[in-house]
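Some notes on the structure that comes next.
Atom set for the values below is all heavy atoms of this structure, side chains included, hydrogens, waters and symmetry mates excluded. Letters go in sequence order (proteins before strands), and every chain restarts at 1.
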Amino acid sequence: MPDTQALVMTFLTSLKNATARQTAELLRSVISQQRVPYTNQAGALIDAVKAVGEQLIAANPVELAVGNIVRRVLHIIREEDLSLTTAAIGELNLSAVSDDENDDDRDGNTTLSAAAVAAAARSTLRPPSLQTLLEDTPVSAAVPQTSSSGGDSEGKTADKSSRSRKLKHDVIEAVNELIQDIVTCHEQIAEQAVEHIHQNEVILTLGSSRTVSEFLFAAKEKKRSFRVFVAEGAPRYQGHLLAKELVARGLQTTLITDSAVFAMISRVNMVIVGAHAVMANGGVIAPVGMNLVALAAQKHAVPFVVLAGSHKLCPLYPHNPEVLLNELRSPSELLDFGEFSDCMDFGSGSGSPLLHVVNPAFDYVPPKLVSLFITDAGGHNPSYMYRLIADYYSADDLVVQRRAIAGN
Amino acid sequence: MGAQKKRAAAAAAAARVSEDPDDLARQPLQAILLADSFTTKFRPITLERPKVLLPLVNVPMINYTLAWLEAAGVAEVFVFCCAHSKQVIDYLENSEWFSQPNFTVKTIESHNIISAGDALRLIYEQNVIHGDFVLISGDTVSNMSLTQALQEHKERKKKDNNAVMTMIIKKSKPSPITRQSRLGTDELFMAIDPNTKQLLYYEDKADHSKGTICLDKMLLAENPSISLHNDKQDCYIDICSPEVLSLFTDNFDYQHLRRHFVKGLLLDDIMGYKIFTHEIHSSYAARIDNYRSYDIVSKDIIQRWTYPYVPDVKFCGNRATKLERRGMYRALEIEQSRSAQVGSFTVIGYGTKIGSNSKISDSVIGEGCTIGSNVLIEGSYIWDNVIIEDGCELRHVIVCDGVIMKAGAVLKPGVVLSFKVVIGERFVVPAYSKVSLLQQPTVHDSDEELEYADNSSGTVEFSSIQGTADQSNGEMTSESSEAHKPKLGTGGVGYIWSICEGGQEEEWRHSVAPIPEDKLTELSEAMDDDQELVTQDRTALSTSGELISDSNASEGDDNEDSKDDSVYFEKEVEATFLRAVEENVKVDHVILEVNSLRLSYNMTSADCAGAVFYSMMKLAIKTPHSSAIGLLTLYPSPFSMVASNAYPIYLSGELQQNTANIITTWQKLLKSYLLEIDEEIEIILKFEEMCLESAKEFSPLFARILHILYDKDILQEDAILRWADEKEGADESDKVFVRQSEKFIQWLREASEEED
């Protein structure tokens with residue numbers, strides 16, 4: 001697929017400012033251009049998505065949202081396949097073909113083996129939680145209906161081709177829904193603003209996040225009057241921009257330095273911040289300086305609330321997140337190269353630099369410091385995060401590596 | 001038909017519109033990348049591989065440049081390949097650069113090009129550049145954003161069609177001790193108009209021994225303000241208008257971009273073309289010019305100044321590398337012994353093995369290297385597939401692909417091992433030596449021009465060398481134990497290049513190794529000496545000044561300040577004059593300088609005349625100091641008073657001759673201050689004073705020199721006569737010189753009477 005390859009290349013080059021939505025759109029076009037074989041369509045789609053996903057993730061491993069979306073799309077394909085096979089099983093049960101044949105000859109009759117695998121996966125994948133149980137009942141109830149309405153009327157071959165089309169179609173539908181979710185996640189989070197921000201409260205935030213600003217605006221629009229302290233978020237000083245926006249919306253704003261957070265926290269009712277990613281254990285990868293704020297908030301028992309769209313939920317557990325999930329940026333954000341050039345003259349002295357500048361982009365906030373997550377699906381406790389993640393991702397996709405899966 | 005017509009009309013309209021500068025701005029940005037530096041600084045490595053393909057932190061240099069060009073929004077790049085063009089083209093064809101969307105890379109190949117100027121002329125002939133373009137060489141690392149510089153360039157171009165080039169500069173302080181920038185290049189002096197950012201002066205080969213640079217006085221006359229910088233670094237990134245190419249074609253003797261083109265444009269402003277500068281602050285840009293800059297830029301990359309062009313971010317097919325704490329970059333599949341110590345700011349490439357108890361710090365290790373146990377690597381650059389056996393020591397060296405170091409070999413700082421060299425067991429390679437499989441090409445003169453000539457024959461020469469090298473290679477392996485045993489130890493293969501004459505001194509400047517301590521102390525001592533010399537001069541001046549002021553004080557001690565002023569003024573004039581004599585400054589210029597001094601010290605022209613005359617006489621005394629008595633006459637101190645009395649006869653003839661010479665040469669200068677008789681009298685009085693006090697050597701010659709001055713029309717007879725008249729009523733002691741010149745005065749009086 002030269003076209004998709006070109007698309008992937010352009011995407012890779014522009015990955016520096018890639019968003020979750022762009023990833024989803026890219027994957028949608030990958031799926032729509034992927035020619036689905038007669039058998040094992042889901043497998044082909046999964047392979048195609050994984051191939052692209054692998055490239056995307058490798059291009060910038062720190063941008064976790066990209067990996068999240070790849071896994072979400074994989075999960076969608078599996079889900080859709082599952083729902084179609086359950087429908088097929090229902091149909092096959094009706095036409096009364098024995099299961100034994102299929103177990104012997106998997107490759108020959110993939111539809112059935114896929115069904116068997118999916119059925120097996122289904123039980124392992126989604127351990128019965130309250131939510132899955134609630135979600136599942138209507139689906140399983142709905143499946144026989146579709147099969148009975150669609151399957152009976154057509155012949156078997158026609159049914160298969162329509163099924164392949166149907167799978168792709170359904171997947172694209174679902175991906176579209178995902179894109180829609182990503183687009184509207186700010187609004188959905190912002191809708192909950194009034195429940196959390198009360199009259200005459202003082203809110204502290206650090207740096208700038210679109211989710212946070214929308215959240216605050218939503219509360220303001222609902223006639224809540226409150227004050228906002230904005231920590232500037234050195235060295236990128238995004239807080240300055242946020243302060244400007246807030247003032248433009250008529251919010252009483254106080255701009256403080258990051259180092260003043262501890263001094264101000266005792267006057268604050270709630271800390272509301274955005275996140276770069278939320279890990280499976282409920283830990284947060286957030287702009288640098290956030291851990292400081294979280295610790296200060298804990299010290300003064302101020303609720304520390306993290307806003308994150310569901311695409312920011314990452315199914316991985318953080319291992320050494322301060323280093324491995326961090327991005328060290330250029331020292332020039334901290335100091336002027338020209339002024340310090342004589343400190344970095346390696347020509348004299350031992351030849352090794354005496355001045356080191358470390359400029360990490362992110363902080364890791366451990367889950368115990370977070371009071372509440374607000375996602376587009378509502379508010380959650382940090383300890384509930386793994387459960388939420390299990391709903392969005394399938395366990396097979398945690399490692400997006402095509403070969404390992406293809407070998408099995 | 002109608003449609004066709006319409007289309008034609010539209011095309012015509014488009015053509016018309018495209019003349020509009022706004023539309024020009026929308027033209028895709030082009031770039032010329034010179035994949036050849038046209039120098040020989042990276043020899044012997046560049047004999048086998050072009051400089052742009054040398055790995056810089058495990059990625060070929062050209063990738064940094066191309067990645068930056070792409071990110072900066074350049075749509076089309078012409079890569080100009082000359083030396084080893086095939087290697088460059090092969091590399092590019094196999095790389096991902098040819099398959100990028102919105103970014104085309106085209107190669108232009110030529111073998112008989114010997115300089116950047118020729119390359120640009122060739123590109124001009126090909127007629128591929130249509131608008132503004134970025135001129136860069138393939139060894140430049142940058143992460144700056146071009147948008148602002150480009151916009152500035154375009155706006156200037158719109159206003160002034162002669163603004164043909166914008167040069168990117170960056171602040172970087174040069175080392176005060178070694179007089180070179182941190183990149184190892186010479187200290188650069190630039191004069192920039194602070195308002196328009198126009199470049200007015202560019203000098204990268206300033207003569208430090210004198211400690212002066214020369215600015216054309218027209219610069220000062222024409223520009224309201226000039227700021228002179230020595231703390232700017234030239235990034236060698238230029239945004240050029242298409243005129244630049246035609247300029248190169250018009251001036252076929254332009255070879256070097258800076259030395260000829262920039263200086264040429266700045267010096268002869270016949271065409272009125274202007275060069276502007278754009279200073280970048282937060283972003284990074286540097287060109288790798290020599291081994292030192294290779295070292296420095298590598299360290300900057302590891303320190304992430306070039307972000308996002310750093311090893312752990314993928315930008316051009318570099319292998320996935322993880323950044324760990326303390327700036328340790330590690331690729332995948334590394335075998336590292338538990339006891340090996342890998343220090344901070346180290347990069348280790350894919351598939352490298354490190355043995356036990358080895359220590360590595362501040363170094364870059366390439367892919368597939370095998371490092372034995374108990375090896376010490378410090379500040380070194382080790383490229384791919386190098387085998388280092390147990391117990392080797394490497395400090396601040398460059399080791400190219402495929403080198404084998406046998407057990408216990410030691411590389412002293414500054415060593416460069418070219419491709420596939422084998423260093424024998426326990427062999428110690430001396431500091432700053434360069435080792436290659438190829439023999440050193442016949443040494444040319446270290447003349448600048450030959451750098452190009454050298455290069456022109458580079459390809460031809462190279463092939464012949466290759467042949468012989470292959471032969472000798474074969475021989476070497478067979479008889480290496482005998483013939484080359486003394487060269488590189490047992491089993492060693494390769495030649496140690498002799499450092500060309502005169503180069504030895506400079507070797508430490510451009511090497512990867514830090515400047516050795518003793519050199520630094522030597523240099524700083526030399527600098528201190530210079531300073532001491534200056535201060536000594538000062539003290540010498542002030543002592544002599546004090547002497548005079550003392551004598552002044554004896555005459556009339558009313559106003560200390562004005563006295564000091566006049567003393568300083570005299571000293572300044574004297575210094576100016578002496579410098580003028582040394583450097584052969586034109587008389588007009590000296591007059592200008594003395595006048596400015598006069599204004600700044602608020603002196604009369606009589607003072608000027610006195611001071612100038614004083615300095616001339618001083619010079620006359622100093623001139624014979626090449627002979628034995630020089631030392632004594634140098635200082636007009638009590639010491640010399642004694643001495644001068646001892647040598648009056650010996651001096652008189654020579655001194656008179658000297659004085660006559662100097663007066664003849666500089667009479668114009670003196671005359672310009674002798675507007676009236678008063679000034680002339682002032683001179684005589686001054687002379688008298690000198691003869692009495694500071695320069696008694698003249699006292700016996702007073703009458704004769706007076707005569708010379710009269711002959712040269714410097715003094716008119718009226719002045720002399722009035723001086724004589726004034727002295728009539730003075731003390732007897734004051735009359736010494738009047739009496740000495742009595743005959744002359746007598747003669748003058750008679751002459752004037754006769755005329756009457």
Task: Structural part of A:Leu335 lying under 4.5 Å from a heavy atom of chain B - done: both
TODO: Determine the option with the most heavy-atom pairs under 4.5 angstrom with chain A, choosing from B:Tyr284, B:Phe345, B:Trp305.
DONE: B:Trp305
TODO: Consider only side-chain N and O atoms of B:Thr147 and B:Ser145, and report whether a donor and an acceptor are under 3.5 Å apart.
DONE: yes
TODO: Sort A:Glu339 into side chain, backbone, both or neither according to what part of it lies under 4.5 angstrom from a heavy atom of chain B.
DONE: both
TODO: Could you look at B:Lys173 and say if it's the side chain, the backbone, both or neither that has a heavy atom under 4.5 Å from chain A?
DONE: both
- [ ] Assign the ring pair A:His276 / A:Phe362 to parallel, tilted or perpendicular, where the plane angle (0 to 90°) is split at 30° and 60°.
- [x] parallel
Task: Part of A:Asn326 within contact of chain B (heavy atom distance under 4.5 Å) - done: neither
- [ ] Output the distance between atom CG (A:Asp397) and atom CG (A:Leu74), rounded to the nearest 0.5 Å.
- [x] 4.5 Å
Task: Those residues that, when tested against B:Lys197, pass salt bridge (charged side-chain N to carboxylate O under 4.0 Å, His left out) (two or more places apart) - done: none
Task: Inter-residue atom distance B:Ser298.OG - B:Ile288.CD1, 0.5 Å rounding - done: 6.5 Å
